[in-house]
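Notes for the one structure printed next.
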Amino acid sequence: MEQSTVPLNRATLLKRAFFNRDPRIVSKQLLGKILIRKQKSNILGGRIIEVEAYLGADDAAAHAAAGRTARNDVLFGPPGHAYVYFIYGVHYCLNISCLPEGDAGCVLIRALEPIAGIEGMAEARGLHVKHPDLSSPRILRAVASGPGKLCEALQITRTRDNSKDLLSPDSDLIVVDDGYRAKKVITTKRIGITKSAEMPLRYLIARNPFISGKQPAC
DNA sequence: ACTCCGATTGAA
DNA sequence: TCAATCGGAGTC
């Protein structure tokens with residue numbers, strides 16, 4: 001039985017309760033949902049195909065581990081909001097806050113499969129200049145196969161998007177469900193961290209070619 | 001005020 | 001393998 005999906009304009013916003021849960025549960029459920037940026041005359045978006053869960057005080061790798069600060073304040077706020085931070089002086093990363101007000105926890109969006117406004121995203125990434133042929137699988141994969149890349153593709157910055165409600169119809173950055181369901185989810189260790197590096201909190205859709213890094217064994 | 005360093009990326 | 005490049009957090 002083949003699953004059914006609806007067009008983007010009929011996809012539904014996720015509910016607050018969806019994110020009012022443990023980040024590990026949200027991570028797995030979030031795979032297959034769609035992250036959308038609404039531009040003036042353009043829609044940019046991709047299917048979420050790789051994420052990582054970050055917990056609270058018991059997770060040394062989490063920004064919330066050392067307690068509430070001006071920088072990580074969103075993590076302690078209500079669920080379903082964007083936590084955007086700047087890393088290595090170069091890139092932004094997007095997280096979505098989980099758990100009720102007062103409890104920190106989030107999901108890091110690590111990779112998207114481009115599905116809408118691909119030309120616009122490629123342009124934001126600076127790919128169109130050197131690589132005009134967007135139909136090339138290699139170039140298509142370069143659009144959003146990493147946390148920093150997808151932020152650049154959707155023009156996500158801290159000043160523009162941090163603390164934004166991702167579940168509001170008024171928001172220009174939202175998460176929606178078009179009915180797609182991942183057939184198989186793979187869990188691995190998180191990438192690029194030194195503290196709490198052993199916890200299996202990275203989740204990705206099996207065999208999807210748009211993930212960051214190389215394909216793990218099934 | 002000063003130092004250290006990171007949930008990344010792309011080029012060498 | 002490594003530089004780029006910034007700001008948050010801890011130390012002096």
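Below, chain A is the first sequence line, B the second, and so on; all start at residue 1.
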Find the distance [X]:[atom1] to [N]:[atom2] and express it as a whole number of Å.
{"X": "A/Asn162", "N": "C/dG8", "atom1": "CG", "atom2": "C1'", "answer": "13 Å"}
{"X": "A/Arg125", "N": "B/dG10", "atom1": "CZ", "atom2": "P", "answer": "5 Å"}
{"X": "A/Ile191", "N": "B/dA7", "atom1": "CD1", "atom2": "C1'", "answer": "10 Å"}
{"X": "A/Tyr92", "N": "C/dC6", "atom1": "OH", "atom2": "P", "answer": "10 Å"}
{"X": "A/His63", "N": "C/dG10", "atom1": "NE2", "atom2": "P", "answer": "13 Å"}
{"X": "A/Asp59", "N": "B/dG6", "atom1": "CG", "atom2": "P", "answer": "15 Å"}
{"X": "A/Lys189", "N": "B/dA7", "atom1": "NZ", "atom2": "C1'", "answer": "16 Å"}
{"X": "A/Ile87", "N": "B/dG10", "atom1": "CD1", "atom2": "C1'", "answer": "16 Å"}

- Just how far is it from atom SG of A/Cys93 to atom OH of A/Tyr88, taken to the nearest 0.5 Å?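 If I round to the nearest 0.5 Å, the distance is 9.0 Å.
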- Task: Quick one: pull up CG in A/Leu204 and CD in A/Gln215 and give me the separation to the nearest 0.5 Å.
- Result: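 The CD atom of A/Gln215 is 7.0 Å from CG of A/Leu204, to the nearest 0.5 Å.
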- Item | Distance-only donor-acceptor check, side chains A/Ser212 and A/Glu50, under 3.5 Å |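 On atom types as modelled, these side chains qualify, holding a pair under 3.5 Å.
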What nucleotide among [options] has an atom nearest to a side-chain atom of [X]?
{"X": "A/Pro147", "options": "B/dT8, C/dC6, C/dA9", "value": "B/dT8"}
{"X": "A/His91", "options": "C/dA9, B/dT8, B/dA7", "value": "B/dT8"}
{"X": "A/Arg110", "options": "C/dG8, B/dA7, B/dG6", "value": "B/dA7"}
{"X": "A/Phe86", "options": "C/dG8, B/dA7, C/dC6", "value": "C/dC6"}
{"X": "A/Tyr85", "options": "B/dG10, C/dA9, B/dA7", "value": "B/dA7"}
{"X": "A/Val90", "options": "B/dA7, C/dT5, B/dG10", "value": "C/dT5"}

- Item | side-chain N/O A/Thr69 vs C/dA9 OP1/OP2, d < 4.0 Å |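 It does, given that an N or O in the side chain of A/Thr69 lies less than 4.0 Å from OP1 or OP2 of C/dA9.
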- Task: Examine B/dG6: is either OP1 or OP2 under 4.0 Å from a nitrogen or oxygen in the side chain of A/Lys195? Give yes or no.
- Result: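 Indeed not, no polar side-chain atom of A/Lys195 lies that close.
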- Task: Pull out every stem in DNA chain C, meaning runs of 3 or more consecutive Watson-Crick or G-U wobble pairs with both distances under 3.5 Å.
- Result: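 Listed by first number, the stems are B:1-6 with C:6-11, B:8-11 with C:1-4.
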Salt-bridge present ([X], [Y]; N to O < 4.0 Å):
{"X": "A/Arg16", "Y": "A/Asp165", "answer": "yes"}
{"X": "A/Arg125", "Y": "A/Glu152", "answer": "yes"}
{"X": "A/Lys40", "Y": "A/Asp172", "answer": "no"}
{"X": "A/Arg37", "Y": "A/Asp161", "answer": "yes"}

- Task: Quick one: do A/Asp178 and A/Arg47 satisfy salt bridge (Lys or Arg N to Asp or Glu O under 4.0 Å)? Show the steps, please.
- Result: CA-CA 10 Å; A/Asp178 73 340; A/Arg47 196 175 301 285; 3.0 Å; yes
- Query: Does A/Tyr88 or A/Arg158 map to a spot on DNA chain C nearer the 5' end, using the closest nucleotide for each?
  - Reply: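 The residue mapped nearer the 5' terminus is A/Tyr88.
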- May I ask whether A/Tyr54 stacks on the base of B/dA7, given the cut-offs of 5.5 Å between ring centres and 30° between planes?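 The ring of A/Tyr54 is stacked on B/dA7.
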- When we call it a touch if two heavy atoms are under 4.0 Å apart, what does A/Asn72 touch: a base, just sugar-phosphate, or nothing?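 No contact.
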- Message: Under 4.0 Å, heavy atoms only, any strand: does A/Gly89 hit a base, just the sugar-phosphate, or nothing?
- Response: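 Counting heavy atoms under 4.0 Å across all strands, the contact made by A/Gly89 includes a base.
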- Roughly how far apart, to the nearest Å, are B/dG10 and C/dG7 at atom C1'?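 After rounding to an integer number of Å, I get 22 Å for this pair.
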